[in-house]
Amino acid sequence: MDAKYVITIGREFGSGGREIGMLLAEKLGIKCYDKELLGLAAKDSGIAEELFHNHDEKPTNSFLYSLVMDTYSMGYSTASFVDMPLNQKVFLAQHDSIKKLAESENCIIVGRCADYALKDTPNVFNIFINAPMEDKIARISRKYDCSASKAKDLIVKTDKKRANYYNFYTNAKWADSRTYDLCVDSSKLGINGTVDMLADYVAMRIKAISNPVEGI
(Lines give C-alpha, C1' and ligand atoms only; values in the text may rest on other atoms or scores of the structure.)
Protein backbone atom coordinates (compact mmCIF):
# COMPACT_ATOMS: atom_id res chain seq x y z
CA MET A 1 0.00 0.00 0.00
CA ASP A 2 2.08 2.88 -1.28
CA ALA A 3 -0.72 5.42 -1.63
CA LYS A 4 -1.16 7.86 1.23
CA TYR A 5 -4.48 7.58 3.07
CA VAL A 6 -6.36 8.35 6.28
CA ILE A 7 -9.27 6.40 7.77
CA THR A 8 -11.82 8.22 9.91
CA ILE A 9 -14.14 6.23 12.16
CA GLY A 10 -17.42 7.53 13.52
CA ARG A 11 -19.02 5.19 16.02
CA GLU A 12 -22.02 4.57 18.19
CA PHE A 13 -21.15 4.16 21.85
CA GLY A 14 -20.87 0.46 22.62
CA SER A 15 -20.45 -0.61 18.99
CA GLY A 16 -16.76 -1.42 19.46
CA GLY A 17 -15.68 1.35 17.11
CA ARG A 18 -12.59 2.32 19.10
CA GLU A 19 -11.46 -1.30 19.49
CA ILE A 20 -12.04 -1.89 15.79
CA GLY A 21 -9.98 1.18 14.97
CA MET A 22 -7.10 0.05 17.17
CA LEU A 23 -7.08 -3.49 15.79
CA LEU A 24 -7.40 -2.28 12.21
CA ALA A 25 -4.46 0.07 12.71
CA GLU A 26 -2.39 -2.81 14.07
CA LYS A 27 -3.34 -4.97 11.09
CA LEU A 28 -2.45 -2.20 8.62
CA GLY A 29 0.76 -1.22 10.42
CA ILE A 30 -0.34 2.35 11.11
CA LYS A 31 -1.34 4.36 14.20
CA CYS A 32 -4.83 4.92 15.55
CA TYR A 33 -5.65 8.20 17.29
CA ASP A 34 -8.57 8.56 19.68
CA LYS A 35 -7.92 10.20 23.05
CA GLU A 36 -4.28 10.38 21.94
CA LEU A 37 -5.31 13.18 19.61
CA LEU A 38 -6.10 15.39 22.59
CA GLY A 39 -2.50 15.23 23.78
CA LEU A 40 -1.20 16.05 20.33
CA ALA A 41 -3.54 19.03 20.01
CA ALA A 42 -2.49 20.28 23.43
CA LYS A 43 1.17 20.04 22.46
CA ASP A 44 0.63 21.75 19.10
CA SER A 45 -1.49 24.58 20.49
CA GLY A 46 0.01 25.18 23.92
CA ILE A 47 -3.44 24.75 25.51
CA ALA A 48 -3.51 22.55 28.62
CA GLU A 49 -4.43 18.93 27.78
CA GLU A 50 -6.97 18.85 30.61
CA LEU A 51 -9.02 21.44 28.77
CA PHE A 52 -9.20 19.25 25.67
CA HIS A 53 -10.57 16.41 27.78
CA ASN A 54 -13.12 18.73 29.40
CA HIS A 55 -14.43 19.90 26.02
CA ASP A 56 -13.98 16.63 24.10
CA GLU A 57 -16.82 16.07 21.60
CA LYS A 58 -19.12 18.54 23.34
CA PRO A 59 -21.15 21.07 21.31
CA THR A 60 -21.06 24.75 22.12
CA ASN A 61 -23.62 27.54 22.14
CA SER A 62 -25.19 28.01 18.71
CA PHE A 63 -24.86 31.81 18.64
CA LEU A 64 -21.08 31.39 18.38
CA TYR A 65 -21.29 29.19 15.28
CA SER A 66 -20.55 31.89 12.69
CA LEU A 67 -17.55 33.12 14.65
CA VAL A 68 -16.10 29.62 14.80
CA MET A 69 -16.56 28.90 11.13
CA ASP A 70 -15.16 32.26 10.04
CA THR A 71 -12.07 31.83 12.19
CA TYR A 72 -11.67 28.21 11.12
CA SER A 73 -11.63 29.21 7.47
CA MET A 74 -9.04 31.96 8.03
CA GLY A 75 -6.78 30.14 10.47
CA TYR A 76 -6.44 31.24 14.07
CA SER A 77 -3.85 33.95 13.89
CA THR A 78 -6.66 36.51 13.73
CA ALA A 79 -7.79 38.83 16.51
CA SER A 80 -11.09 36.96 16.71
CA PHE A 81 -9.26 33.82 17.83
CA VAL A 82 -7.66 35.67 20.72
CA ASP A 83 -11.08 36.74 21.97
CA MET A 84 -12.77 33.41 21.28
CA PRO A 85 -14.20 31.31 24.14
CA LEU A 86 -11.98 28.45 25.25
CA ASN A 87 -14.15 25.65 23.87
CA GLN A 88 -13.91 27.21 20.42
CA LYS A 89 -10.13 27.39 20.65
CA VAL A 90 -10.05 23.74 21.64
CA PHE A 91 -12.17 22.80 18.61
CA LEU A 92 -9.95 24.70 16.19
CA ALA A 93 -6.69 23.45 17.68
CA GLN A 94 -7.89 19.85 17.56
CA HIS A 95 -8.87 20.10 13.91
CA ASP A 96 -5.56 21.69 13.05
CA SER A 97 -3.82 18.69 14.61
CA ILE A 98 -6.03 16.33 12.60
CA LYS A 99 -4.95 18.06 9.40
CA LYS A 100 -1.29 17.88 10.41
CA LEU A 101 -1.61 14.15 11.06
CA ALA A 102 -3.19 13.60 7.66
CA GLU A 103 -0.31 15.42 6.02
CA SER A 104 2.39 13.52 7.87
CA GLU A 105 1.31 9.87 8.05
CA ASN A 106 -1.18 7.17 7.18
CA CYS A 107 -3.40 6.76 10.21
CA ILE A 108 -6.84 6.11 11.67
CA ILE A 109 -8.66 8.88 13.55
CA VAL A 110 -11.63 8.01 15.73
CA GLY A 111 -14.45 10.55 16.15
CA ARG A 112 -13.99 14.30 16.66
CA CYS A 113 -15.44 15.32 13.27
CA ALA A 114 -12.26 14.09 11.56
CA ASP A 115 -14.16 13.41 8.33
CA TYR A 116 -15.24 17.06 8.27
CA ALA A 117 -11.77 18.36 9.11
CA LEU A 118 -10.39 16.32 6.21
CA LYS A 119 -13.22 16.91 3.73
CA ASP A 120 -10.84 18.53 1.24
CA THR A 121 -8.03 16.00 1.79
CA PRO A 122 -7.60 13.27 -0.84
CA ASN A 123 -7.75 9.56 -0.01
CA VAL A 124 -9.76 9.82 3.18
CA PHE A 125 -11.96 6.79 3.88
CA ASN A 126 -14.88 7.69 6.15
CA ILE A 127 -16.36 4.75 8.06
CA PHE A 128 -19.18 4.57 10.60
CA ILE A 129 -19.56 1.68 13.05
CA ASN A 130 -22.96 0.87 14.54
CA ALA A 131 -24.63 -2.06 16.31
CA PRO A 132 -28.08 -3.07 17.62
CA MET A 133 -28.96 -1.58 21.00
CA GLU A 134 -29.03 -4.98 22.73
CA ASP A 135 -25.46 -5.71 21.63
CA LYS A 136 -24.28 -2.26 22.74
CA ILE A 137 -25.95 -2.70 26.11
CA ALA A 138 -24.24 -6.05 26.60
CA ARG A 139 -20.84 -4.61 25.73
CA ILE A 140 -21.17 -1.55 27.97
CA SER A 141 -22.58 -3.62 30.84
CA ARG A 142 -19.52 -5.88 30.70
CA LYS A 143 -17.05 -3.05 30.30
CA TYR A 144 -18.37 -0.89 33.14
CA ASP A 145 -19.87 -3.68 35.27
CA CYS A 146 -23.25 -1.98 35.37
CA SER A 147 -26.91 -2.90 34.89
CA ALA A 148 -28.56 -3.05 31.49
CA SER A 149 -30.70 -0.01 32.28
CA LYS A 150 -27.68 2.05 33.32
CA ALA A 151 -25.78 0.91 30.23
CA LYS A 152 -28.65 1.93 27.96
CA ASP A 153 -28.90 5.33 29.62
CA LEU A 154 -25.16 5.88 29.13
CA ILE A 155 -25.38 4.83 25.48
CA VAL A 156 -28.29 7.15 24.72
CA LYS A 157 -26.68 10.13 26.46
CA THR A 158 -23.24 9.58 24.92
CA ASP A 159 -24.59 9.18 21.40
CA LYS A 160 -26.78 12.25 21.82
CA LYS A 161 -23.72 14.25 22.85
CA ARG A 162 -21.72 12.94 19.87
CA ALA A 163 -24.58 13.65 17.47
CA ASN A 164 -25.04 17.19 18.76
CA TYR A 165 -21.32 17.89 18.48
CA TYR A 166 -21.05 16.45 14.96
CA ASN A 167 -24.25 18.04 13.65
CA PHE A 168 -23.32 21.45 15.03
CA TYR A 169 -19.82 21.67 13.61
CA THR A 170 -20.30 19.91 10.27
CA ASN A 171 -23.77 20.93 9.06
CA ALA A 172 -24.21 17.22 8.28
CA LYS A 173 -26.08 14.55 10.23
CA TRP A 174 -24.24 12.13 12.49
CA ALA A 175 -24.88 8.47 11.61
CA ASP A 176 -26.49 9.39 8.26
CA SER A 177 -25.17 6.79 5.80
CA ARG A 178 -24.88 9.46 3.09
CA THR A 179 -22.18 11.18 5.15
CA TYR A 180 -19.83 8.17 5.10
CA ASP A 181 -18.18 5.92 2.54
CA LEU A 182 -19.09 2.78 4.47
CA CYS A 183 -21.41 2.01 7.39
CA VAL A 184 -20.88 -1.29 9.20
CA ASP A 185 -22.93 -3.17 11.79
CA SER A 186 -20.21 -4.68 13.98
CA SER A 187 -22.59 -7.35 15.30
CA LYS A 188 -22.78 -9.11 11.94
CA LEU A 189 -19.15 -10.27 11.80
CA GLY A 190 -18.00 -9.51 15.32
CA ILE A 191 -15.06 -7.29 16.19
CA ASN A 192 -12.33 -9.36 14.54
CA GLY A 193 -14.45 -10.17 11.50
CA THR A 194 -15.25 -6.49 11.05
CA VAL A 195 -11.55 -5.64 11.27
CA ASP A 196 -10.73 -8.20 8.59
CA MET A 197 -13.50 -6.91 6.34
CA LEU A 198 -12.38 -3.30 6.74
CA ALA A 199 -8.77 -4.24 6.01
CA ASP A 200 -9.94 -5.81 2.74
CA TYR A 201 -11.99 -2.70 1.99
CA VAL A 202 -9.02 -0.41 2.56
CA ALA A 203 -6.83 -2.61 0.35
CA MET A 204 -9.40 -2.39 -2.46
CA ARG A 205 -9.67 1.39 -2.07
CA ILE A 206 -5.91 1.77 -2.23
CA LYS A 207 -5.78 -0.45 -5.31
CA ALA A 208 -8.50 1.66 -6.96
CA ILE A 209 -6.55 4.84 -6.19
CA SER A 210 -3.33 3.40 -7.59
CA ASN A 211 -5.03 1.93 -10.68
CA PRO A 212 -8.10 4.03 -11.49
CA VAL A 213 -10.60 2.50 -13.88
CA GLU A 214 -11.02 4.67 -16.96
CA GLY A 215 -14.40 5.50 -18.42
CA ILE A 216 -16.39 5.49 -15.18
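If you read the sequence from its start, that first residue is 1, and numbering goes on from there. Values in this document were obtained by computation on a predicted structure and should not be read as measured data.
Here the closest heavy-atom approach between residue Lys99 and residue Leu118 is recorded as CA-CD2, 4.0 Å. Minimum heavy-atom separation, Ile108 to Gly21: CD1-O, 3.5 Å. Across every non-hydrogen atom of Tyr166 and Ala172, the tightest pair is CE2-CB, 4.0 Å. Taking both residues in full, the closest heavy atoms of Gln94 and Leu37 are given as CG-CD2, 4.0 Å, listed atom of the first, atom of the second, then distance.
Separation of atoms CZ (Phe125) and CE (Met204) is listed at 11.0 Å; rounding is to 0.5 Å. Rounding to the nearest 0.5 Å places CG of Asn123 at 3.5 Å from CD1 of Ile209. Separation of atoms CG (Leu182) and CZ (Arg205) is listed at 9.0 Å; rounding is to 0.5 Å. Atom CD1 of Ile98 is separated from atom SG of Cys113 by 7.5 Å, given to the nearest 0.5 angstrom.
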Return all side-chain donor-acceptor pairs below 3.5 angstrom for residues 146-155, not counting sequence neighbours, or 'none' if the list is empty.
residue	atom	partner	partner atom	Å
Ser147	OG	Ser149	OG	3.2
Ser147	OG	Lys150	N	3.2
Asp153	OD2	Lys157	NZ	3.2

Under 3.5 Å donor-acceptor pairs involving side-chain atoms of residues 23-34, not counting sequence neighbours:
residue	atom	partner	partner atom	Å
Lys27	NZ	Asp196	OD1	3.2
Tyr33	OH	Glu105	OE1	3.1
Tyr33	OH	Glu105	OE2	3.0
Asp34	OD1	Arg112	NH1	2.6
Asp34	OD1	Arg112	NH2	3.2
Asp34	OD2	Arg18	NE	2.8

Would you give me the side-chain donor-acceptor pairs under 3.5 Å for residues 184-195, sequence neighbours excluded?
residue	atom	partner	partner atom	Å
Asp185	OD1	Ser187	N	2.9
Asp185	OD1	Ser187	OG	2.6
Asp185	OD2	Ser187	OG	3.3
Ser186	OG	Ser15	O	2.7
Ser186	OG	Asn130	O	3.4
Thr194	OG1	Gly190	O	2.7

Apply side-chain contact (heavy atoms from CB on, under 4.5 Å) to Lys136 and Asp159, showing your working. CA-CA 12 Å; Lys136 294 187 291 185; Asp159 280 350; 3.8 Å; yes
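The only option from Tyr165, Tyr116, Phe128 that meets the ring pair (Phe, Tyr, Trp, His ring centres under 6.0 Å) definition with Trp174 turns out to be Phe128.
For the pair Lys143 and Glu19, the salt-bridge criterion is not met [side-chain N within less than 4.0 Å of a carboxylate O]. Taking 4.0 Å as the cut-off between side-chain N and carboxylate O, Lys100 and Asp96 count as a salt-bridged pair.
Looking only at distances, no side-chain donor or acceptor of Asp135 sits under 3.5 Å from a matching main-chain atom of Ala131. A donor-acceptor pair under 3.5 Å is formed between the side chain of Asp181 and the backbone N or O of Asn126. The main-chain N or O of Ile129 is never found under 3.5 Å from a side-chain atom of Arg11 such that the two would form a donor-acceptor pair. A donor-acceptor distance shorter than 3.5 angstrom exists from the side chain of Asn106 to the backbone of Tyr5, with no hydrogens or angles considered.
With sequence neighbours left out, the side-chain contact (heavy atoms from CB on, under 4.5 Å) criterion links Ser177 to Cys183. For Arg178, the salt bridge (charged side-chain N to carboxylate O under 4.0 Å, His left out) partners at least two apart in sequence or on another chain are Asp176.
In this structure, Asp200 places its CG atom where more than 12 heavy-atom neighbours from other residues, nucleotides or ligands lie under 6.0 Å away.
Connection of Val124 to Tyr180 is not established within any shared hydrophobic cluster, with ILVMFWY side chains joined at heavy-atom distances below 4.5 Å, either directly or through further cluster members. One hydrophobic cluster, built from ILVMFWY side chains closer than 4.5 Å, cannot hold both Met22 and Val202; they sit in different ones.
Screening residues 114-124 for salt bridge (Lys or Arg N to Asp or Glu O under 4.0 Å), with sequence neighbours left out, gives no hits.
Looking at Val6 and Leu101, their side chains never come closer than 4.5 Å, going by heavy atoms from C-beta outward.
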